Amino acid sequence: MARPYNPRQARVNRPNSTFETQQIEGRFVNVSRMVQTPPMDESSALSRLRDLEIETPSWGYGNSGTRFHVYPWPGAARTVHERIADAGLVHRLTGCCPAVALHIPWDAVDDYPALQRYAQEQGIRIGAINPNLFGSDEYRLGSICHPDAAIRERAIEHCRECIQIAEQVGSTVISLWLADGTNYPGQDDLRDRHARLLHGLGEVYASLPPGMRLLVEYKFFEPGFYSTDLPDWGTAALACRRLGEQAQVLVDTGHHPQGTNVEQIVAVLLAEGLLGGFHFNNRKYADDDLIVGSIDPFELFRIMREIAHGGGAENIAFMIDQSHNIEGKIDAMLQSVMNIQTAYAKALLVDEQRLAEAQAEGDVLGAHRIVLEAFESDVRPLLARLRREVGVDEDPVAAFRSGGFADALARERGTASVESAYERL
Ligand code: LRH
Ligand code: MN
């Protein structure tokens, strides 16, 4: 009589199973999933959900638009203090957004310790500091990859200033995106630019105090329309490996060519210990920076599933990076937070044990249906219970809209118009 089926045994004993060969690199093999992991019960899902902290971007609260026009929103934040106050309101209404990311110089002030105290008065802390190496005329041909050494040095110096700002506001994350690239073949030497990239990142990394992380954000195009110096996860991962343990890759969900399997990039970076954080948003076409989960909620679920079952997700910075061009900024941010919580809650409900068995049996559709089951489950009651337990309204967007916040802000702040790129011509 055949021995009772034991997926753990089956997989390990399959002749060409890779586990034996990878024993020396056991840390890559997700053995834990092989262990009989009972489906996650509601209370453990709730504790995982309670641990999920989402950082909102200061620049997501202000008026933003496209090169065609910026449509001013009544009551939209106009100053760094108003942006931090709005982030504080989002935390009070969701219970899970205790930090706001700043962008320098958009959020520059003379007294950073005072700004940190102001954030604390709003019930939040200052999170990632984003250097801006694209907002001044001298960066036409790049910043740390610029052909001119003096401009490269000034770009590196700006990053060092941002590290000092981070120290003054108690932040432990520098989140660096480079707009650096070229627009025409021959415009510059691609290998020279790569060498400048690695040298520049090395200079920035060397200035990090212990305990501070450098998150390296890649993007496949724009504003570079022929080459981008940090175009993909591979280049970012190579650079981070070369830099050291305090450097990790930041995955902006809108920064990939169409058809990219983003969750596989997340899985590989997690396995390699190189996933530092996310810039969540969604897109239909390019880097559209739309509300996360608004276009492809199934992709967001698949990404959060790699986080939910992969382990090693302890130190990941879950950050939103969006611009709300035609909708209200605060309720758009609230909806984004809810969409991330929804995707994570569904991901936590995947029956990992049954899935491992179906995968071991090569039951392709069976395995897929187990994942679909979780995606199609209604997690609204679970999230309502979570929000009741953390003392916020079951529907933060409804609470914002029925709470008169928008009208109060519009009365207090009015409507500030902003010129678009073309209008400044
Ligand atoms: C670049 C990017 C980067 C930010 C900017 C606001 O597209 O994603 O993270 O600096 O948006
Ligand atoms: Mn981003």
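Numbers here simply count residues along the sequence, with the first being 1. Please read these numbers as outputs of a predicted model, since none were measured by experiment.
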| query | With a 6.0 Å cut-off on ring centres, are Tyr218 and His256 close enough? | reply | yes

Practice task
Examine Phe134 together with Trp177 and report whether their ring centres are nearer than 6.0 Å.
Solution key: yes

Salt bridge (charged side-chain N to carboxylate O under 4.0 Å, His left out) filter on Glu327, not counting sequence neighbours, yields none

Gly75 backbone acceptor or donor facing Glu412 side chain under 3.5 Å:
no

* Got a donor-acceptor contact below 3.5 angstrom from the Arg388 side chain to the Glu394 backbone? -> no

Just say parallel, tilted or perpendicular for the rings of Phe318 and Phe280, cut-offs at 30° and 60°. parallel

Query raised in the report: What do you reckon, are the aromatic ring centroids of Tyr226 and Tyr184 less than 6.0 Å apart?
Result: no

Sorted by chain and residue number, the side chain to side chain donor-acceptor pair (under 3.5 Å) partners of Asp287 (sequence neighbours excluded) come out as Lys219, His255

Note: Ser377 and Lys346 closest approach over all heavy atoms is O-CE, 3.4 Å

Minimal heavy-atom distance between Ser58 and Asp107, with the atoms involved, is OG-OD2, 2.6 Å

**Prompt:** Parallel, tilted or perpendicular: which describes the rings of Phe400 and Phe405, with under 30° parallel and over 60° perpendicular?
**Reply:** parallel

Notebook entry, point to check: Do the side-chain N and O atoms of Asp252 and Asn281 include a donor-acceptor pair separated by under 3.5 angstrom?
Noted result: yes

- Are the ring centres of His146 and Tyr139 closer than 6.0 Å? no

All heavy atoms of Leu334 vs all of Pro396, minimum pair found to be CD1-O, 3.8 Å

Crowding at CD, Glu167 (>12 non-hydrogen neighbours, <6.0 Å):
yes

Across all chains, not counting sequence neighbours, the side chain to side chain donor-acceptor pair (under 3.5 Å) partners of Arg380 are Asp378

Q.
Between Gln116 and Val169 (side chain of the first, backbone of the second, donor and acceptor by atom type, cut-off under 3.5 Å), is there such a pair?
A. yes

Q) Would you find a donor on one side and an acceptor on the other, under 3.5 Å apart, between the side chain of Arg213 and the backbone of Gln248? A) no

Heavy-atom nearest pair, His158 first then Leu133, reads CD2-CD2, 3.6 Å

